[in-house]
Amino acid sequence: MLTTISEIPAHVGQEVKLGGWLYNKRSSGKIQFLQLRDGTGFIQGVLVKSQVTPEVWETAKQLTQESSLYVRGTVRADERAPGGYELDVTHVEAIQIAEEYPISKKEHGVDFLMDHRHLWIRSPRQRAILTIRAEIIRSIQEYLNGNGFTLVDPPILTPSSCEGTTNLFHTKYFDEDAYLTQSGQLYMEAAAMALRKVYSFGPTFRAEKSKTRRHLIEFWMIEPEMAFCDHEDSLIIQEQLVSHVVQSVLKNCRRELEVLGRDISKLENVKPPFPRMTYDEAVKLLHEAGFEDFEWGEDFGAPHETKIAESFDRPVFITHYPTKVKAFYMKPDPDRPEVVLCADLIAPEGYGEIIGGSQRIDDPVLMEQRYNEHHLPMEAYQWYLELRKYGTVPHSGFGLGLERTVSWICGLDHVREAIPFARTLYRLYP
Ligand code: 4AD
Ligand code: MG
């Protein structure tokens, strides 16, 4: 059985066999230092010429970057070593001497790296991001599963849309038209009436011609939906969920955050309660901060969100947006029908909206009225209307964008690094 680098601390003083790749190599004539990675971590192997056979010495000399190999050696604790351990190598067996590796230690442009994404993910930085992404997913599920939510999977191929058809990927479903889902929400509302508290976790698709640091064409969303839950209750779930995720990453991914050079003092404050401001208050803030031209009724763009978030050390909820800028299903504020019971959660440090959510319209008459105002195809949405006819109840839900959340927690410049193989406006390869 092979030992892994992650298990090394339990093997101090013992001889182990690892399977891995050569990440980097240094040599000082009589000693070769092999930087090894095995997918679970990194360790330096030290090869002393006088202590190995000439064959082993020669094999090690031939190893190129990313050559695959087995090595045997004795584990030594060493405080100066990056991971705290080194391997005194006794044997090296090359599996393959790799061809000249396209990604070298020198600086590469982003397009080059994205073209070589299948190899780029081997680097310590990308590995750290993908590890944190997995921890974020794990902790989201831990929170939701531990708080009475049931995982329900909505379909990906749908006959109609949820947020308007302009941004949908069209495909044929035999003789019918179909679209890739842009949100599972409508189906999750049906599921909430069956299982009360539910969530989905899956890919969603937006055929938006947006080329920003925050937009992907294919991204993953977590969509909780809760029966007998109003707008206020939903905000409490959201701030608890996001805090749990951030605190879990801080606890379980220290080393990865260090690899990324993330300033963790900016994450430590992320605990409930999160500040809240209404859309009206946000507009006032913008007017005072130099955005005098911003008019009530417009939606916020990235610069507006960044400006609003600057005043806070944790994510901020912006609530009660104008009805006309939000989706048809959002419940109007009974005291002020020109705004809806909704909230966007804006991350700090310029990362923008990570959650969009609302209380849903539960009144069948108002829902039908909205269908007409929005020219929704009544036939395609018949089932959704029926949810309001057979035992309607107050309910709310939200969608958390996974990659936006990963970007923020990791401190990334661009959301394309937050997903293993990004689909962006001009990229479908690799
Ligand atoms: O605000 P959105 O569009 O909300 C919905 O789709 C609702 N139906 C969710 C619900 O209530 N169940 O999207 C939700 C979140 C955004 O806050 C953002 O984090 C992320 O999804 N998101 C994107 N992430 C990456 N690339 C894009 N193009 C994104 N569009 C939205
Ligand atoms: Mg939104």
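One-based numbering, in listed order, for ligands and for the atoms of each.
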J.: Hey, is ligand 1 close enough to Ile354 that some N/O pair sits below 3.5 Å?
T.: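 By distance alone, the answer is yes.
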
J.: Would Asp344 count as a contact for the Mg ion (ligand 2), in the sense that one of its N, O or S atoms lies under 2.8 Å from it?
T.: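 So Asp344 does not bind the Mg ion (ligand 2) by this criterion.
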
J.: Is there a polar contact, in the sense of an N or O pair closer than 3.5 Å, between Arg360 and ligand 1?
T.: yes

J.: Considering all heavy atoms of both residues, which atom of Thr323 and which atom of Arg370 are nearest to each other, and what is their separation?
T.: CG2-NH2, 3.7 Å

J.: Trp220: heavy atom below 4.0 Å from ligand 1, yes or no?
T.: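 Contact absent.
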
J.: Among Glu223, Glu403, Glu218, which residue places a heavy atom closest to atom 9 (C) of ligand 1?
T.: Glu223

J.: Which part of Arg206 is near ligand 1, with near meaning a heavy atom under 4.0 Å away: side chain, backbone, both or neither?
T.: side chain

J.: Quick one: are the ring centres of Phe149 and Tyr143 less than 6.0 Å apart?
T.: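 No, ring centres 6.0 Å or more apart.
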
J.: Going by the side-chain contact (heavy atoms from CB on, under 4.5 Å) test, name the single residue among Asp38, Leu18, Val75, Thr40 that passes it with Thr3.
T.: Leu18

J.: May I ask you to check whether Phe274 and Phe312 place their ring centers less than 6.0 Å from one another?
T.: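 No, too far apart.
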
J.: Taking the six-membered ring for Trp, is the centroid-to-centroid distance between Trp120 and Phe112 below 6.0 Å?
T.: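 Aromatic pair excluded; centres sit 6.0 Å or further apart.
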
J.: So between His215, Glu189, Glu353, Met188, whose heavy atom ends up nearest atom 17 (O) of ligand 1?
T.: Glu353

